[in-house]
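Chain identifiers are assigned alphabetically (A, B, ...) following the order of the sequence lines, protein sequences preceding nucleic acid strands; residue numbering begins at 1 within each chain.
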Amino acid sequence: MNVFAEFRRTVMQAVQTLAEQGDLPASLPFDAIAVEPPRDPSHGDLATNVAMVLGKPAKLAPRALAEKLQPLLAAHPAVTAVEIAGPGFINLRLQPEYWQQQTAVILKAGIGYGDSQRGEGKPVNVEYVSANPTGPMHVGHCRGAVFGDALAALLEKAGYQVCREYYINDAGAQVDVLARSVHMRYREALGESIEIPEGLYPGDYLKPVGAALAQKYGDTYRNAPEADWLQTFRQAATDAMMAMIKDDLAALNIRHAVFTSERALHESGAVQQAYDRLQQRGLIYTGVLEPPKGKLPDDWEPRPQSLFKSSEYGDDTDRPLKKSDDSWTYFGADIAYHDDKYRRGFHSMIDVWGADHGGYVKRMKAAVKAMSGGEADLDVKLVQMVNLLDDGQPVRMSKRAGTFVTLRDVVDEVGRDVVRFIMLTRKNDAQLDFDFKKVTEQSKDNPVFYVQYAHARISSVIRNAATELPGLDVTDSALAGADMGLLKHEAELALLKLLASWPRLVESAADAHEPHRVAFFLQDVAAGFHGLWNAGRDDAGLRFLLPEERELSRARLGLIRAVAIVIASGLAVMGVTPVEEMR
RNA sequence: GCGCCCUUAGCUCAGUUGGAUAGAGCAGCCGCCUUCUAAGCGGCAGGUCGGUGGUUCGAAUCCACCAGGGCGCGCCA
């Protein structure tokens with residue numbers, strides 16, 4: 001249950017009632033009506049802009065409209081006061097009982113608290129990572145991986161049916177380079193002493209792939225022409241690389257449901273079919289592109305190519321689907337891939353890309369719009385760079401010097417939960433510093449620690465309850481039966497109100513495709529809890545465990561368990577495991 | 001030259017999709033441990049929301065132009 005959504009319905013019903021009485025025009029637009037927590041808590045529990053939004057269409061001054069609504073809203077049993085403020089805000093105050101009972105709601109819902117039906121089970125496709133299958137994942141892939149996975153979890157919590165998907169770029173020239181690199185390792189495994197030429201992949205991770213091929217084929221392909229072995233080696237190599245990548249992702253607890261191969265799209269004819277469909281719509285022509293502005297390549301010359309009219313769908317220029325030698329461009333295949341998603345029933349697609357692909361966004365959105373006749377929507381989330389630091393000093397990375405930082409290095413160094421949490425502490429389009437020293441520091445500078453510490457403290461209190469209050473049933477279902485009316489302190493009520501806004505946050509974060517909001521929300525919740533904890537130091541009457549007052553203790557244990565549940569629920573979206581104790 | 005993103009406290013960043021007096025952490029200053037983990041908490045101070053116009057009841061948020069920073073810019077992937 002979402003408090004704000006519930007009262008939004010109450011507000012709309014009040015407007016409806018006035019309309020039926022003839023006091024307001026019928027069919028007023030409800031879309032812009034919002035019921036929110038007011039920024040300043042002294043304004044009350046809930047604030048609505050209804051009078052200001054409907055003032056103009058109803059041809060009434062906002063404050064006059066608010067006055068008409070006032071008695072209707074005051075009739076709600078939980079409402080204790082309806083105040084009109086400023087330009088026409090309506091502020092509602094609710095009975096403390098209303099908030100107090102949210103404790104039991106949370107305890108009963110458990111980790112599923114905040115689950116929403118906002119998505120109505122609609123399918124959403126989230127494509128993320130999609131690192132080229134040419135080597136292990138490096139730290140640069142990490143943020144997109146975590147972001148995409150958390151976004152997928154967030155959308156699931158908001159009631160969407162989510163497909164986590166990975167696009168394998170196994171058709172370009174880079175996988176041929178991979179195959180040649182593996183052939184070198186194959187020869188090496190057969191006893192040759194080799195030197196990896198410039199332009200091939202030098203990494204040691206290809207040695208076992210070469211060795212396996214040597215085992216399997218002996219020296220069959222040792223001196224054979226490339227045409228004999230390229231396909232076989234390419235397949236073996238990309239399979240091995242994908243296995244390695246899946247392994248790296250598993251270290252982050254990331255598992256995609258669908259892997260789509262670019263090569264398979266070519267081989268099945270899907271690329272050609274997508275091309276044909278666009279051609280039938282008259283969106284393809286043969287033309288010559290303008291030379292690129294700024295830096296003109298030395299060897300630039302005008303050549304006719306197959307172009308897609310992406311400029312008709314918001315792109316800056318038309319884009320090539322085929323190269324001048326008539327082979328497919330990457331974009332050509334990517335259109336087929338998105339067409340394939342659309343045909344699998346996804347009218348809502350999200351792609352998570354690195355920021356260096358920003359120049360590609362417009363054409364891909366244009367393609368999705370064109371293919372689906374405007375039915376499907378693509379949102380591209382660009383994930384900015386991560387600056388790796390160690391105690392404030394930039395970590396220099398160089399493949400040649402062997403200081404290349406892989407995803408696995410980072411996870412091994414600081415742990416999966418830390419990586420996942422930190423990667424979500426910035427909005428996706430802002431750069432992020434990742435400091436090995438700071439992220440493992442146990443202080444409130446470190447948001448992972450701060451939130452985990454709150455959860456651990458609550459677990460500690462529950463453990464201590466056994467000795468302080470012998471015989472007390474501290475299961476959630478038992479605590480839900482406590483007299484929550486005893487939670488009267490201002491700080492307790494403030495914390496309860498914050499917890500009750502979790503379902504609303506899930507929905508707004510899911511709408512905006514912004515999982516980082518969960519991380520910030522959890523820091524607020526943790527701060528509220530730590531504050532309450534310390535209030536018990538100044539005033540012993542505010543402690544959670546009071547042997548003399550069993551019923552009050554039960555209510556407070558219920559409250560802090562509700563805090564733990566909301567933290568666990570948020571961490572679940574982020575893919576982080578809540579801890580029971582620190583170390 | 002063009003496109004996209006960014007610009008909020010000394011620093012790092014939020015800002016509930018246009019709401020009321022713009023928030024948090026760090027750094028600075030002042031307090032709080034015989035009590036459930038002080039690994040924490042409370043308080044003070046700190047702002048022309050890059051700039052100028054516009055849209056409206058109302059703008060950090062939307063639009064236009066300008067300035068600064070980042071990324072990208074024929075067939076690469």
For [X] and [N], what is the distance between atoms [atom1] and [atom2] respectively, to the nearest whole Å?
{"X": "A:Gln523", "N": "B:G40", "atom1": "CD", "atom2": "P", "result": "13 Å"}
{"X": "A:Asp433", "N": "B:C26", "atom1": "CG", "atom2": "P", "result": "17 Å"}
{"X": "A:Arg363", "N": "B:C4", "atom1": "CZ", "atom2": "P", "result": "14 Å"}
{"X": "A:Leu46", "N": "B:G19", "atom1": "CG", "atom2": "P", "result": "16 Å"}
{"X": "A:Asp429", "N": "B:U8", "atom1": "CG", "atom2": "P", "result": "14 Å"}
{"X": "A:Tyr450", "N": "B:C13", "atom1": "OH", "atom2": "P", "result": "20 Å"}
{"X": "A:Asp538", "N": "B:C33", "atom1": "CG", "atom2": "P", "result": "9 Å"}
{"X": "A:His357", "N": "B:G70", "atom1": "NE2", "atom2": "P", "result": "21 Å"}

Decide, for B:C33, between syn and anti: a glycosidic angle within 90° of 0 counts as syn, anything else as anti.
syn
For [X], answer base if it contacts any base atom (sugar-phosphate contacts may also be present), sugar-phosphate if it contacts only those atoms, and nothing otherwise; contact means non-hydrogen atoms under 4.0 Å.
{"X": "A:Ala47", "value": "base"}
{"X": "A:Leu289", "value": "sugar-phosphate"}
{"X": "A:Ser324", "value": "base"}
{"X": "A:Ala355", "value": "sugar-phosphate"}
{"X": "A:Pro62", "value": "nothing"}
{"X": "A:Ser443", "value": "sugar-phosphate"}
{"X": "A:Phe520", "value": "sugar-phosphate"}
{"X": "A:Gln431", "value": "sugar-phosphate"}
{"X": "A:Phe449", "value": "base"}
{"X": "A:Gly172", "value": "sugar-phosphate"}

Pair assignment for [N], Watson-Crick or G-U wobble, requiring both distances under 3.5 Å:
{"N": "B:A27", "answer": "none"}
{"N": "B:G40", "answer": "B:C32"}
{"N": "B:A14", "answer": "none"}
{"N": "B:A77", "answer": "none"}

Ignoring backbone atoms, establish whether [X] has a side-chain N or O less than 4.0 Å from OP1 or OP2 of [N].
{"X": "A:Ser460", "N": "B:U37", "answer": "yes"}
{"X": "A:Lys427", "N": "B:G15", "answer": "yes"}
{"X": "A:Asn464", "N": "B:U37", "answer": "yes"}

Expressed as a whole number of Å, how far does the [atom1] atom of [N] sit from that of [M]?
{"N": "B:A45", "M": "B:G23", "atom1": "C1'", "value": "16 Å"}
{"N": "B:C57", "M": "B:U52", "atom1": "C1'", "value": "24 Å"}
{"N": "B:A14", "M": "B:G58", "atom1": "P", "value": "29 Å"}
{"N": "B:G19", "M": "B:A77", "atom1": "C1'", "value": "46 Å"}

Any chance NZ of A:Lys438 has more than 12 other-residue heavy atoms, nucleotides or ligands included, within less than 6.0 Å?
no
Less than 4.0 angstrom from a charged side-chain N to a carboxylate O is my criterion; do A:Glu514 and A:Arg517 meet it?
yes
Name the residue closer to the 5' end of RNA chain B, choosing between A:Asp356 and A:Arg463 according to the nucleotide with the nearest heavy atom.
A:Arg463
Using the salt bridge (charged side-chain N to carboxylate O under 4.0 Å, His left out) rule, take A:Asp351 and A:Lys381 through it: C-alpha gap first, then chi angles, then the decisive distance, then the call.
CA-CA 6 Å; A:Asp351 289 359; A:Lys381 302 298 280 188; over 6 Å; no
Side-chain donor or acceptor of A:Ser327 paired with backbone N/O of A:Lys322 under 3.5 Å
no
